[in-house]
Amino acid sequence: MPELAEVEYYRKQWDPGLGQKILEVTCREDRRIFRGIPAGLLPTTLQGARLISSETHGKQMLFRFDKGSLGVHLGMTGELYREEPGHTPAKHAHLILRQKKQDLVFSDPRLFGRVRLETGKGEPTWWQDLPPDPRSKAFTLAVVREALTRRKGTPLKAALLQQEHFPGIGNWMADEILWQSHLKPMRKCGTVTEEESQILWKTIRVISRTAIRIIGKDFSDPPEDWLFGHRWKKGGFCPRCGLELKRDEVGGRTTCWCPHCQPQ
DNA sequence: GGAGTTGTTTAGGA
DNA sequence: TTCCTAAACAACTC
């Protein structure tokens with residue numbers, strides 16, 4: 001489910017726990033999402049630690065504590081939420097940080113998500129090494145040009161899903177970006193003109209920021225004149241031209257597009 | 001019961 | 001080497 005805006009929404013769900021100590025850590029360490037973390041290290045590190053701050057970068061989240069930090073990726077079905085203190089864990093709740101006033105929960109039925117642990121004071125290297133977030137100043141036109149050049153044989157849709165170039169963009173955002181840019185999803189990156197690159201760059205920035213503002217705030221739906229609300233069901237109609245939308249598999253993912261508005 | 005799912009990693013081929 | 005595709009991971013919904 002989560003792309004950069006949804007990730008921002010879920011990050012905020014733990015905000016009530018800011019400044020407060022973790023009294024107890026409940027986790028199922030054998031679950032796939034904890035891969036790479038030595039047994040016992042998670043409770044040892046976080047028990048008694050105070051949650052200081054949190055931020056998102058693309059689909060990645062970082063929760064900073066006064067000792068160490070916690071990285072969270074939600075995968076396809078991960079969620080963060082809060083519960084009454086001392087509640088009984090739900091079936092797919094894998095990590096619960098128990099505080100005085102609330103329990104902070106990470107659940108993920110499909111286990112495609114991932115939790116990382118940094119025991120040192122500083123920023124984890126994986127966090128420092130993330131490529132420019134599409135809403136940041138560092139995400140320049142040159143970044144888009146570079147990606148299109150490097151992936152010249154890849155369809156645009158598949159390239160937009162590559163997190164090393166466009167961190168935070170997922171399936172629905174990629175479709176939305178191409179639709180608003182009037183670019184066909186199966187178009188090869190190498191054939192995109194300079195003018196089209198600029199349109200693509202601007203559209204990525206506008207959609208990222210707008211999605212964060214709307215979905216990141218309270219999980220509201222984007223505007224009706226976006227592709228978003230029309231792309232899910234089969235037989236949806238283009239909100240711009242009114243013709244029937246098409247569905248194809250591009251880059252291994254279901255892709256919704258408008259043959260009339262995205263002719264090439 | 002089968003198909004599909006808003007994600008990432010890996011293996012293997014080109 | 002570099003780039004690209006398909007499969008694997010896993011559980012739920014329609």
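In the text below, chain A, chain B and the rest are named by the order of the sequence lines, each starting its count at 1. Please read all numbers here as calculations on a predicted model, not as lab measurements.
With hydrogens and angles ignored, a donor-acceptor pair closer than 3.5 Å exists between the side chain of Arg110(A) and the base of dT5(B).
Atom-to-atom, CD of Glu249(A) to P of dT5(B) comes out at 8 Å; the value is rounded to the nearest Å. Per the geometry, NE2 belonging to His94(A) stands 10 Å off C1' belonging to dA11(C), to the nearest Å. Rounded to whole Å, the distance from CG on Asp108(A) to P on dT5(B) is 18 Å. The separation between Arg253(A) atom CZ and dT9(B) atom P is 13 Å, rounded to whole Å. Atoms CD (Gln163(A)) and C1' (dT8(B)) sit 9 Å apart, rounded to a whole Å. In this entry the distance linking CD1 of Ile169(A) with P of dG7(B) reads 11 Å, nearest Å. dA10(C) atom P lies 15 Å from atom CZ of Arg114(A), rounded to whole Å. When rounded to the nearest whole Å, the span between OH of Tyr10(A) and P of dG7(B) equals 13 Å.
Considering only side-chain atoms of Leu111(A), the nucleotide from dC3(C), dA10(C), dG7(B) that sits closest is dA10(C). Of all nucleotides listed (dT5(B), dC12(C), dC4(C)), dC4(C) comes nearest to the side chain of Arg151(A). Distance from the side chain of Met76(A) is smallest for dT5(B) among the nucleotides dC12(C), dA10(C), dT5(B).
Residue Thr254(A) places no side-chain N or O under 4.0 Å from the OP1 or OP2 atom of dG4(B). Contact annotation: His92(A) side-chain N/O to dC12(C) OP1/OP2 distance is under 4.0 Å. Look at Lys152(A) and you won't find any side-chain N or O under 4.0 angstrom from OP1 or OP2 of dC3(C).
Comment: Arg187(A) engages Glu196(A) in a salt bridge, judged by a side-chain N to carboxylate O separation of less than 4.0 angstrom. With respect to Arg150(A) and Glu146(A), a salt bridge is recorded, a charged nitrogen being found less than 4.0 Å from a carboxylate O. Classification of Glu123(A) and Arg64(A) as a salt-bridged pair holds, one side-chain N sitting under 4.0 Å from a carboxylate O.
Once the 5.5 Å centre distance and the 30° plane angle are applied, the aromatic ring of Phe112(A) is found not to be stacked with the base of dT8(B).
Heavy atoms of Gly252(A) sit nowhere under 4.0 angstrom from any nucleic acid atom. Note on Lys188(A): nothing from the nucleic acid sits closer than 4.0 angstrom, heavy atoms only.
Counting heavy atoms from C-beta on, the side chains of Arg231(A) and Trp172(A) come closer than 4.5 Å.
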Practice task
Take Leu70(A) and Trp14(A) through the side-chain contact (heavy atoms from CB on, under 4.5 Å) test and state the conclusion after the steps.
Solution key: CA-CA 13 Å; Leu70(A) 193 68; Trp14(A) 280 12; 4.2 Å; yes
